[in-house]
S.K.: 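Just passing along the structure, written as structure tokens.
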Amino acid sequence: MERMEGRAERSSLLVFGAALILLVGSLLAGNGYRWGAIALLALACAPWRALPANSLGLITALFCAWLFINAVLITPVYAAEGMYLPLILFGGFASIATRDRESSVWLFCAGVALLSILVLVGLLQYFFGFWHLSLNPVRAAATFVTPNTFATAINLFLLPLAALYLAGRGSAKIYALALWLFAGLVATQSRAGLIAFLAGLLFIAACIGTAALWRGRNSVLRLFAGWIAVWFAFDAVTIMLAGIDGSSGSLPSWDRWQKTNADSGFRTKIYAATFDLIFDRPFAGAGANMFNPLIDRLKDETFRDSSIPFAHSDYLQVWLEYGAAGLVLLITLVVVALMLAWRSARRNPDDPMPLACGAALASCFAHAAVDFPLYVPFTLMIAGAYLGALAACAGDGERLNAARTREIDRMGQAVAVRMNWLVAIVALAWLSQPVLADLASAEAVAELRAGRADGGLYWASVARRLEPRNVVHYWAEAVIWRDQAEASGDRGFAVRADALFSEGIRVNPYEIASYVELARMHRQHSSLFERPRTPQEILGWTSKALELRPDSLLTHAEHARALAFAGRVGEARRMVAGMMAWHPEAKLTRELAAELLPAD
């Protein structure tokens with residue numbers, strides 16, 4: 001018994017460690033933190049107990065499998081996160097679905113403690129300008145890139161606390177924590193977060209029922225009165241601090257929320273552009289990771305200088321990238337999860353687990369309609385954990401469990417366990433390749449800085465072989481070969497660079513860097529090639545890059561130079577004049593103007 005309890009404690013620590021890695025990873029680039037979290041979640045499932053055989057487990061597995069297969073085999077644009085995101089969701093689900101309730105409760109308490117600390121950081125950011133990570137100085141984001149993501153994370157723990165309190169299991173500690181997390185939600189000034197919060201409350205009310213809420217009206221009034229008091233206290237502190245530093249700050253009331261969230265037009269245009277892209281391939285989808293490459297061609301001039309990595313609606317982005325099948329699976333997952341939580345809560349009101357899980361998921365899925373919580377690793381893992389806890393509450397379905405039992409009996413229990421371990425080890429080794437490729441790339445950079453070009457080429461080629469669908473590795477190795485060709489005049493080096501740039505285009509035809517570098521190399525160093533490319537071929541590359549990224553200054557500059565190289569100087573000058581009106585302060589624009597525009 002003690003051995004089993006120790007194993008459960010270690011598994012819980014692994015799950016909490018995975019959450020911490022994903023949280024810290026919101027500050028980091030690269031693939032290491034995502035892979036590390038997946039490895040911890042896989043280990044937390046040991047000794048590989050069977051997942052709950054019910055409809056929620058089945059639809060979660062199908063949704064994750066479709067996202068993973070699309071990212072590995074279907075999409076024309078490879079990105080490691082396309083593989084990692086469904087595995088993080090399923091890892092969060094499996095690591096909680098296979099453990100006892102006590103461990104799940106401990107993990108929830110640890111999560112509340114973690115978010116309580118993040119709320120403190122957020123309040124310090126809001127009131128004192130402490131450690132802001134983004135360019136928005138008036139909204140709390142804690143360690144997240146955006147305040148809206150912070151709001152999602154808060155709601156994932158605030159709504160379960162509210163559910164526990166309103167279901168009659170309230171205590172002074174739960175009440176205080178609910179007020180504290182609500183203060184953090186106010187500090188984010190996220191309208192989407194507030195909408196998600198209200199959606200979670202509506203779900204709680206639907207589960208508890210009007211009669212039960214009326215009987216417990218004292219708790220309801222106490223909780224809502226506390227939240228209102230927190231909001232007024234928040235306003236009072238804002239006014240006081242504005243008076244101390246002499247600023248003319250306004251109340252963080254609805255009027256201020258309107259000002260700090262004045263992006264409805266921005267999002268409406270993103271949604272319109274996303275729908276245009278969806279209807280190009282409404283059934284098959286464009287493929288995982290395709291939103292960003294495609295949206296760049298349709299961006300409105302009002303946000304042409306903005307980077308838009310997400311559609312700000314997970315449902316639209318899943319439809320665009322994963323097709324009708326992905327959207328249907330996601331909506332089915334939402335409906336099955338919330339219906340299961342509602343039925344379980346109504347059937348057994350003494351069990352708070354389904355109500356708490358359903359409230360958290362209702363807020364997350366509502367927020368996903370106007371933001372991207374399902375594309376953020378930390379919030380995705382927490383949502384998966386709630387799905388796993390809910391599936392564990394539901395238990396095994398008779399038919400699914402019978403089918404699983406027959407399959408295990410046919411294979412043999414011992415063989416099944418060994419197969420699980422073998423598959424897990426092989427999968428983790430395969431998934432580690434992007435991380436190893438990142439390390440090889442870093443080593444290549446270190447070698448180049450030390451002046452060892454041969455070492456840089458070696459490690460760059462290692463990175464390319466480890467991650468053969470990542471265009472960045474082709475570009476990096478090609479640049480080294482090109483630089484060596486320019487320095488030595490060796491035509492063989494130039495041919496190697498040309499081949500790698502061309503292969504990069506084949507691997508990822510939506511990345512502009514390979515087109516631009518090919519055009520630049522053949523325009524500036526045509527003598528390095530036995531058959532130099534014609535000006536028309538060079539213009540073909542820059543035209544393609546301009547089609548893919550019409551808002552890129554670099555692409556405009558290279559296309560203007562290609563036009564001049566082809567003898568179309570008038571067109572090149574008109575293009576430079578347009579760049580001067582667009583970004584006159586940019587160094588690239590000034591250099592191009594001095595190069596191509598006539599002197600006054």
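Numbering starts at 1 and runs along the sequence shown.
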S.K.: Answer yes or no: are there more than 12 heavy-atom neighbours, outside Phe127 itself, under 6.0 Å from its atom CZ?
M.R.: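 Atom CZ in Phe127 is packed in, count exceeds 12.
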
S.K.: Please work out whether the ring planes of Tyr165 and Tyr175 are parallel, tilted or perpendicular, with thresholds of 30° and 60°.
M.R.: tilted

S.K.: Search all heavy atoms of Ala360 against all heavy atoms of Pro160 and return the closest pair with its distance.
M.R.: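 Residues Ala360 and Pro160, closest heavy atoms: CB-CG, 3.7 Å.
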
S.K.: Compile the donor-acceptor pairs under 3.5 Å between side chains in residues 365-392 and protein atoms, sequence neighbours left out, one pair per line.
M.R.:
residue	atom	partner	partner atom	Å
His367	ND1	Thr152	OG1	2.9
Asp371	OD2	Asn148	ND2	3.0
Asp371	OD2	Arg267	NH2	3.4
Tyr375	OH	Glu321	OE1	2.9
Thr379	OG1	Pro373	O	2.6
Thr379	OG1	Val376	O	3.2
Tyr386	OH	Leu156	O	2.5

S.K.: Do Phe310 and Phe291 have ring centroids that are under 6.0 Å from one another?
M.R.: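 No - the distance between ring centres of Phe291 and Phe310 does not fall below the 6.0 Å cut-off.
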
S.K.: Between Arg101 and Asp351, does any NZ, NE, NH1 or NH2 come within less than 4.0 Å of an OD or OE carboxylate oxygen?
M.R.: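 A salt bridge is present here (some side-chain N lies under 4.0 Å from a carboxylate O).
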
S.K.: Please confirm whether the ring centroid of Phe182 lies under 6.0 Å from the ring centroid of Phe197.
M.R.: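 Here the rings of Phe197 and Phe182 have centres that are less than 6.0 Å from each other.
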
S.K.: How about Trp227 and Phe224: are their ring centres within less than 6.0 Å of each other?
M.R.: yes

S.K.: Of the non-hydrogen atoms in Leu327 and Tyr315, which two are nearest, and what is the gap between them?
M.R.: CD1-O, 3.6 Å

S.K.: Taking all atoms of both residues into account, what is the closest heavy-atom pair of Ile154 and Thr188, and its distance?
M.R.: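 For Ile154 versus Thr188, the nearest heavy atoms are CD1-CG2, 4.2 Å.
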
S.K.: Distance only, no hydrogens: is a donor on one side chain within 3.5 Å (strictly under) of an acceptor on the other, for Tyr126 and Gln189?
M.R.: yes

S.K.: Between the side chain of Asn155 and the main-chain N/O of Ser363, is any donor-acceptor distance below 3.5 Å?
M.R.: no

